[in-house]
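Source: prediction; values computed, not measured. Naming: A, B, ... by sequence-line order, numbering from 1 per chain.
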Amino acid sequence: MRLNKEWTKFSLPLFLLAGAGFLVIWYFVKNPGGAMAARILTYQHIGWLLAQHILMVLISSFMAIMTAVPLGIIVSRPRLRVAGVIIENTVNIAQTVPSIAVLALFFTFLGLGFSTAVFALWLYSLLPVLRNTYAGMKLVPAEIVEAAKGMGMSPRRVLTRIELPLAIPVIMAGIRTAVVINVGTATLATFIGAGGLGHLIVTGITVQRHELLFTGSVLSALLAIFCDHMLGGLESLVRPG
Amino acid sequence: MIRLERVTKLYAGQKNPVVNELTLEIPAGEVCILLGPSGCGKTTTLKMINRLVAPTSGEIYVNGQNTREVDPIKLRLNIGYVIQEIGLFPHMTIAENIATVPREKKWPRDKIRACVHEMLRLVGLEPDLYSERKPATLSGGQRQRVGVARALAADPSILLMDEPFGAVDPITRSHLQNEFLRIQEKMRKTVVFVTHDIDEAIKMGDKIAVMREGKLVQYDSPEKLLSAPKDDFVEKLVGHNRTLKRLHLIQVKDVLHKETPVVKPESSLEDVARISSQSKIRAVFVVDQDRRLLGVIPSNKLNNWNGNEKAADVFEPLQNIIEAKATLNDALSVMLGAGEWYVAVLNNGSEFAGIVTLGGLLELVKEDAA
């Protein structure tokens with residue numbers, strides 16, 4: 001019973017958000033506000049841009065998790081205390097660089113296209129995940145780690161059975177932040193020709209068609225809320241205690 | 001058995017060693033207290049025994065084996081380790097916490113389950129009520145019990161305890177101490193127990209090692225420590241009221257009043273009065289056939305009895321009760337708390353063992369001082 005209720009609380013908003021998204025698409029395909037916009041506002045085209053957007057976020061976030069979590073764990077080891085402090089400060093400074101600058105920077109090296117966008121997004125979302133992994137590991141009380149060691153757990157067991165389970169809520173919060181930021185930042189990918197929902201927004205601004213602008217921004221906003229809620233649910237699922 | 005030979009720990013960048021040339025032998029089955037002010041190196045000494053801290057020089061032998069030569073993981077798996085209650089794993093249930101070492105030792109599942117239940121019962125927690133709960137839902141005293149159960153789970157011969165009862169209130173602490181002594185009497189572990197509380201040290205220890213600035217000052221039985229402190233430092237540490245401190249040393253079961261008048265609930269008041277008149281104690285205790293204590297009849301109630309009344313009709317319940325494992329100090333505080341001249345002593349929580357009187361206590365202190 002309890003599980004059922006929790007599940008409803010988790011899944012209902014997701015369905016509502018998806019429904020709202022479809023409604024927005026349906027409305028603007030039916031009312032594109034002009035022949036020029038109608039060529040862009042088709043189910044097929046919006047679907048393609050949405051898929052591009054999601055794919056960009058998915059790949060970059062996945063890669064960020066796969067790199068930043070292990071890296072955060074490594075630098076949180078007492079032996080690498082110095083590296084930890086350096087990385088933590090680097091991350092904090094790097095976070096202040098505007099995302100569009102990151103995109104622009106990599107476009108000069110790597111050229112235009114989807115993979116450049118993914119690479120820049122990966123780099124940008126690395127930071128919150130890395131920072132939270134490091135912070136989460138450092139937040140595990142030293143007494144608990146020592147108790148585990150003192151009872152004869154090997155360092156690997158202490159990590160997998162004690163430290164990681166206790167740090168996971170903080171790590172998950174970092175992943176959540178990273179993904180939500182990614183959804184927003186990915187709208188800028190259109191500037192380097194990587195497509196995504198930003199394409200609708202930028203075109204909408206250039207040709208002064210607010211239908212385009214509106215579709216793009218509302219869809220990316222809904223996508224961000226969708227991801228946030230989904231990861232929030234996951235976060236409470238892994239929270240110990 | 002644990003033997004430390006000229007063990008020194010010097011942290012890099014520090015001038016004075018935390019532990020300095022410490023030599024100490026702890027016989028099997030005894031409780032050795034490491035006592036001293038904070039910063040005297042007692043916790044470091046404890047952690048060197050299970051190699052959480054590596055000694056700078058010197059050798060430590062555990063059950064005849066040099067700890068330098070064994071795998072620290074294996075060493076620790078066979079040494080119980082209790083720290084203050086914060087050491088419980090908050091994300092695991094009580095059962096999972098207790099199962100930590102058996103799990104690391106890869107015991108079969110049903111053996112672990114049986115072990116967890118046995119351990120919970122040993123420390124007085126009902127397995128069905130507690131095993132699936134998380135540490136955060138328990139009181140401080142209960143968490144500490146779990147800590148002890150967790151350390152004992154794989155039946156290690158050695159137990160290291162680092163101020164295990166430091167984080168609980170004095171009443172709970174006294175309970176936990178008594179219970180630990182009861183368990184220790186059965187299990188006979190070799191225990192190294194760190195504390196800065198002299199009363200705790202006297203109560204719990206077979207031997208007390210007083211440490212100061214990394215050095216061993218005196219290593220003696222509690223009696224010896226109280227009667228013959230080696231120097232000013234030890235004397236100051238044990239305090240001025242040493243006679244009062246000795247009350248911590250004596251368990252009530254050893255100084256029970258020998259002939260406590262006892263009657264059955266169905267005894268007539270005539271019998272009660274007769275038994276009372278033969279005893280020096282101004283009260284008669286009512287017990288059932290299993291010697292469970294039902295209540296007490298104060299002697300002034302016996303002045304005008306009538307023929308029909310039975311002991312069961314007149315006895316009063318009593319609150320001034322104590323376990324046989326408690327110390328005279330506990331007994332005294334119960335007496336003072338209840339405003340009574342005696343305290344009733346129970347074996348195993350129900351069986352009436354006798355009483356300890358204030359007069360008897362004074363006698364003892366007088367004898368002691370002489």
Got a sec: does the CZ of B/Arg133 have more than 12 other heavy atoms crowding it under 6.0 Å?
yes
In this structure, are over 12 heavy atoms from other groups packed under 6.0 Å from B/His196 atom NE2?
no
Checking an interface table here. Which of residues 132-153 of chain A come within a heavy-atom distance under 4.5 Å of chain B?
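When heavy atoms of chain B are the reference, residues 132-153 of chain A contributes A/Glu143, A/Ile144, A/Glu146, A/Ala147, A/Ala148, A/Lys149, A/Gly150, A/Met151, A/Gly152, A/Met153 within the under-4.5 Å range.
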Considering heavy atoms only, which positions within residues 57-78 of chain A lie below 4.5 Å of chain B?
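Residues qualifying by a heavy atom under 4.5 Å from chain B are absent, so none.
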For the candidates B/Arg51, B/Lys74, B/Arg103, which exhibits the highest count of non-hydrogen atom pairs separated by less than 4.5 Å from chain A?
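Winner by heavy-atom pair count: B/Arg103.
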Where does B/Lys105 contact chain A at under 4.5 Å (heavy atoms): side chain, backbone, both or neither?
neither
Does any heavy atom of chain A fall under 4.5 Å from the side chain of B/Leu52, the backbone, both, or neither of them?
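For B/Leu52, the side chain is the part near chain A, not the backbone.
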On a heavy-atom basis, the closest approach of A/Pro155 and B/Ile73 is CD-CD1, 4.2 Å
